[in-house]
Amino acid sequence: MKPTIVDAYRLMHDGALALARVEEAGICVDVARLDETIRDVGERIEGLESEQKSDEVWSAWRRRFGAKANMGSRDQLTKVVYDELGHKPEGTTRLGKRAKADVESLSKIDLPFVRRFLEVEKLKKLRSTYLMGVLREVVNGLLHPSFNLHLVRTYRSSSDSPNFQNIPIRDEEVGAMIRRCFVPRPGHVLVEIDYKALEFRVCACHWRDEAMVRYASDPALDIHRDMAKELYLLDGRCSKDEMKRARFHAKNSFVFATLYGSYWRNTSRSLWKNAVRLTAGGEPMQSWLEEQGIEGLGDQNSRKGSRPGTYGHHVESVERRFGERFPAWRDRKERWLELYRKRGWFKTMTGFVCSGVYSRNDLYNYPIQGPAFHCLLWSLIRLVRWLGKSGMRSRIVGQIHDSILADVHRDELADYVAEARRTMTEDIRSAWPWIITPLEVEVEVAEDNWFGKKVYELN
DNA sequence: CACTGGAGCCAC
DNA sequence: AAACGTGGCTCCAGTG
């Protein structure tokens with residue numbers, strides 16, 4: 001009943017065979033459009049770089065570095081902007097070798113030259129990693145990325161040549177330029193099906209905390225929204241859009257961070273930083289929090305702990321209530337650590353035995369991250385087999401941790417969606433009774449290209 | 001010339 | 001004490 005290590009092996013074996021079929025099928029690429037996009041982006045880069053060359057900052061740069069001046073060097077940029085022009089650095093890189101020169105630090109410098117630098121770097125990343133990276137690997141209009149099962153410590157998958165699992169989507173402009181190059185085959189549509197909140201659901205299944213299972217099961221409940229309300233002291237006053245943005249930060253900076261071992265000193269810092277970009281009832285979030293009696297972030301490094309009236313203190317109390325909300329999680333994670341420390345290994349719900357040296361946070365993360373992907377893999381194996389034996393023209397062409405991308409013949413669309421939905425949400429629960437929450441999927445269909453995917457209503 | 005580590009950025 | 005996690009790719013700057 002409970003998956004054994006033999007089942008785990010079988011999953012990897014069948015998974016490798018299924019993914020080989022996925023790689024073989026390939027994703028259709030509009031090469032003409034890709035070429036055109038590479039040209040356009042190249043021209044934009046050239047234009048911006050010629051503006052840079054007539055900027056006085058570039059003159060200072062040339063004075064300092066002479067023939068070695070390299071416009072793409074962040075190392076040189078920090079020396080010009082911080083040493084020569086006297087701007088204040090935001091801190092140093094991890095190993096303290098030089099001042100930080102990432103987007104977050106540099107965007108605080110109010111100079112046209114620096115703004116253009118960031119724009120150029122963004123476009124260069126798009127051109128070299130994504131546009132050129134895809135073009136280099138296309139064969140006869142098809143892209144065949146590798147999907148690996150043997151490289152990741154958590155028994156997740158990875159992808160390379162090119163990496164199909166990190167194609168931009170968050171930056172809409174960049175996402176559009178690359179994703180418009182991925183197209184369905186003639187007479188087909190692209191169908192992307194992803195699990196909704198898979199990692200949180202698997203988390204609830206692993207810890208078997210009653211309240212967590214309830215949150216993961218009842219569609220009316222939403223842990224990220226509830227934590228956003230507590231973390232930012234929100235009530236009825238904020239708009240839907242404001243709530244959505246606050247929820248996003250609560251989810252990523254608090255809920256997942258806390259479940260995976262972070263705590264208030266770090267989560268409060270990150271939440272406070274994100275608050276700069278939030279509003280509550282039209283008011284800047286930080287001033288809203290000040291009105292609620294929170295004077296500032298507070299000293300995160302104080303050995304004495306958080307000081308009342310600071311945001312750090314507030315997040316510490318939210319964290320404590322988070323533990324009270326999920327008491328079984330709070331207690332079982334301690335026992336989970338003790339058990340590992342005693343015997344040197346742990347087992348995932350999908351049957352994998354992890355033996356070796358793991359940090360505390362690894363112990364919290366691996367048993368969730370791996371099995372969440374295993375749900376996807378189990379479903380993918382079934383679907384690849386089903387497509388093969390039904391003699392269908394549709395093909396699965398990619399996989400991104402909790403989602404499956406397929407190139408589906410129009411005539412097979414309804415069948416494919418029905419089969420995928422049932423496999424991913426029902427069949428898997430019969431095979432794996434450890435899944436004690438419902439599973440849900442979202443289906444999106446793209447008629448023209450991957451960027452244009454639209455939610456497809458399930459009946 | 002080949003190789004490497006660091007920094008940074010893209011995704012889940 | 002420590003301080004969410006997993007990857008891949010590119011460029012720079014340094015090494016031998």
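Source: prediction; values computed, not measured. The figures here come from the full heavy-atom set of this structure, side chains too, leaving out hydrogens, waters and symmetry mates.
- Within residues 248-264 of chain A, the residues having any heavy atom under 4.0 Å from DNA chain C are, by residue number, A/N252, A/A257, A/Y260, A/S262, A/Y263.
- A donor-acceptor pair is defined here as one N or O able to donate and one able to accept, closer than 3.5 Å; such a pair exists between the side chain of A/Q399 and the backbone of A/H401.
- When atom types are taken as modelled, the side chain of A/R382 and the backbone of A/I428 share no donor-acceptor pair closer than 3.5 angstrom.
- Base engagement by A/N266 is indicated by at least one non-hydrogen atom pair under 4.0 Å involving a base atom.
- Within residues 311-322 of chain A, no residue has any heavy atom under 4.0 Å from DNA chain C.
- Within the 3.5 Å criterion, the main-chain N or O of A/R33 finds a donor-acceptor partner in the side chain of A/D30.
- Contacts of A/L151 with the nucleic acid, taken as non-hydrogen atoms under 4.0 Å apart, involve only primed sugar atoms and P, OP1 or OP2.
- Counting non-hydrogen atoms under 4.0 angstrom, A/S161 reaches the backbone sugars and phosphates but no base.
- A salt bridge links A/K79 to A/D75: at least one charged side-chain nitrogen sits closer than 4.0 Å to a carboxylate oxygen.
- With respect to the salt-bridge test (charged N to carboxylate O, under 4.0 angstrom), the residues A/E24 and A/R395 do not qualify.
- By the side chain to side chain contact (heavy atoms under 4.5 Å, CB included) test, A/N266 pairs with A/S262, A/Y263, A/R269, sequence neighbours left out.
- Between the side chain of A/S253 and the main chain of A/A250, no donor-acceptor pair closer than 3.5 Å is present.
- Judged by closest nucleotide on DNA chain C, A/R153 is the one of A/Q76 and A/R153 placed further toward the 5' end.
- Identified under the salt bridge (charged side-chain N to carboxylate O under 4.0 Å, His left out) test for residues 345-365 of chain A, with sequence neighbours left out: none.
- Counting non-hydrogen atoms of neighbouring residues, nucleotides and ligands closer than 6.0 angstrom, the NZ atom of A/K108 exceeds 12 such neighbours.
- Under 4.0 Å is where a charged nitrogen must lie from a carboxylate oxygen, and between A/E84 and A/R63 no such pair does.
- Counting non-hydrogen atoms under 4.0 angstrom, A/Y364 reaches nothing in the nucleic acid.
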Checklist entry - Which nucleotides of nucleotides 4-12 of chain B have their base under 4.0 Å from a protein heavy atom (B), which only their sugar-phosphate (S), and which neither (-), written as one string 5' to 3'? => result --SSBBBSB
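- At the heavy-atom level, A/S159 lies under 4.0 Å from the strands shown only through sugar-phosphate atoms.
- Using a cut-off of 4.0 Å between Lys/Arg side-chain N and Asp/Glu carboxylate O, A/E49 and A/K124 are scored as salt-bridged.
- Counting 5' to 3', DNA chain C first comes under 4.0 angstrom of a heavy atom of chain A and last does so at the ends given by C/dA3 to C/dA13.
- Side chain of A/Q52 to main chain of A/F113: a donor-acceptor pair is present (N/O by atom type, distance under 3.5 Å, no hydrogens or angles).
- Atom CZ of A/R307 sits in a sparse spot, with 12 or fewer heavy atoms from other residues, nucleotides or ligands closer than 6.0 Å.
- Residue contacts for A/R136: at a heavy-atom cut-off of 4.0 Å it reaches the sugar-phosphate backbone alone, with no base atom in range.
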